[in-house]
Chemist: 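The structure is given below, and queries will be raised subsequently.
Here is the naming used below: chain letters follow the sequence lines, and residue numbers restart at 1 for every chain.
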Amino acid sequence: MKIEGEHLLPATRDRVWAALNDPDVLVKTIPGLKQLTPTGEDAYDATIELAVGPVRGTYQGKARITDKTPPERMTLAVEGGGRPGTIRAAGALTLEAQDASTLVQYVGEVQVTGVLMSVGHRLFGGVAKQLAGVFFKALEREVHQRADPEPVR
Amino acid sequence: MIPAAFAYHRPRTVQSALRLLQLHGHDAKILAGGQSLLPMMKLRVATPAHLIDIGRVASLRGIRLRQGVLRIGAMATHQEIEFSPAVRRAAPALVETAAVIGDLQVRNLGTIGGALIHADPVADYPATVLALDAEFTLQGPAGVRTVPAAEFFLGPMTTDAGPDEIMTEVAIPASPLRFGAAYLKMPNPASGFALVGVAAAIGLDQAGRCAHVRVGITGVASAAYRASGAEAALAGQEPTDETLARAAAVAADGVDANSDIHASAEYRTHLAGVLARRALVLARDRAMASGRRRRSASRV
């Protein structure tokens, strides 16, 4: 299943790139991310706890940045699973500077197995879109905070 | 098809249900009819350790029409709504909606509060509660709050309601003079869920122009939404077949339509326009008929 979307962030491309590569930022922005442990260069182990309606699960996964061209583009491979099923995804993020803002576009191919797929296939695309929306909104808050630290008076 | 083990609780009041919910937190799930939750538990997609059945909470039942507001207890079943004289009088489009949900067994057990909180993107009620400007009462540890339908549906099975809140009531303003509404859907032939469902509501002014227009759409996007473009296109207009058709044509504009094995995004978008036109025509005809009926009644 293909998922794609885009989000305009009100920050420069360098700033957005830095945020996307900062584990501290990712922990605060990825929905349900409980733990992110670096396991090597551009490789992480992640634990995600998500509840979508009555479907609650803890998912263990590995994420690897397979290719990156700062501050324009990175490709990612994600593999994970939990009780409701497994997910394998590969995708690319591209950052395009637009004046003082940055357009982030994502496109990926996701494979889902288990009950997650047999029951959830008609919901999956929508859930992915919704979670991406939550992530980008949180990311927007993060880059904004980092960009304009509250002046101390 | 046997669910994982769970503890079953059957509180008698909202307060004790909330206490149980707080006590068991992440492991608990409210059972409000169970017509979506129980199949998911049988497939073990959902495995709550605690099930809090609010079916015997008396205060959540009952349907009242008072001072121009229809108040439906969250645990009213679809069947109770379908046959309630108060709903028929104050919000006939909701009767029309309840009547086409699932099958008879589902309508006998499923509840409006359960269906709204579950927020399946292809469920029927969301379109109609959006078109009728419904407001939901939620009760949680922090107290009671109300949320308009337009701010409630956030994504697939995702709403503004917190995991520690219980929906207690659905309030709908009783339809005034010269007001008509309708719900139409194209059901998936296998599941009965809406491939696309459209609820339209039109209120006419003295001159017969659209003073109030609402279009709620389910099944198209990842959450039910109001077709604000179609609503705006009709504001202040005379509701001729042509203007209604023009408004319906933009019913899915700017919407990220779902694509799955049942229907492509193009198909859903097209269907949204077709059903929006039919629902708007029906709503207009009913609004005009309601004006005539009330006028002749007042002359007697």
Chemist: Between B:His26 and chain A, which part of the residue has a heavy atom less than 4.5 Å away: side chain, backbone, both or neither?
Modeler: both

Chemist: Let me know if B:Ala257 has heavy atoms under 4.5 Å from chain A in its side chain, its backbone, both or neither.
Modeler: backbone

Chemist: Let me know if B:Ala28 has heavy atoms under 4.5 Å from chain A in its side chain, its backbone, both or neither.
Modeler: backbone

Chemist: Below 4.5 Å, heavy-atom pairs only: which of B:Leu154, B:Val45, B:Asn258, B:Val122 has the largest tally toward chain A?
Modeler: B:Val45

Chemist: Among the options B:Pro156, B:Gly155, B:Ala46, B:Ser222, pick out the one with the most heavy-atom pairs lying under 4.5 Å from chain A.
Modeler: B:Pro156

Chemist: Return the option, out of A:Glu49, A:Met1, A:Gln130, with the maximum number of heavy-atom pairs under 4.5 Å with chain B.
Modeler: A:Gln130

Chemist: Do the side chains of B:Arg268 and B:Asp260 get close enough for a salt bridge, i.e. N-O under 4.0 angstrom?
Modeler: yes

Chemist: Quick one: CG on B:Leu94 to CD1 on B:Ile72, what's the gap to the nearest 0.5 Å?
Modeler: 5.0 Å

Chemist: When the ring planes of B:His50 and B:His24 are compared, do they come out parallel, tilted or perpendicular, using 30° and 60° as the limits?
Modeler: parallel

Chemist: Around atom OH of B:Tyr267, are there more than 12 heavy atoms from other residues, nucleotides or ligands closer than 6.0 Å?
Modeler: no

Chemist: Select one option (side chain, backbone, both, neither) describing which atoms of B:Leu43 are under 4.5 Å from chain A's heavy atoms.
Modeler: both

Chemist: Going by heavy atoms in the side chains, are B:Glu266 and B:Thr269 under 4.5 Å from each other?
Modeler: no

Chemist: Counting only heavy atoms closer than 4.5 Å, note whether B:Ile261 contacts chain A via side chain, backbone, both or neither.
Modeler: side chain

Chemist: Using the ring of each side chain (for Trp, its six-membered ring), is A:Phe136 parallel, tilted or perpendicular to A:Tyr106, with breaks at 30° and 60°?
Modeler: parallel

Chemist: Under 4.0 Å between a side-chain nitrogen and a carboxylate oxygen: does that hold for A:Lys62 and A:Asp45?
Modeler: yes

Chemist: Measuring heavy-atom distances to chain A, does B:Asp256 have an atom under 4.5 Å in its side chain, in its backbone, in both, or in neither?
Modeler: both

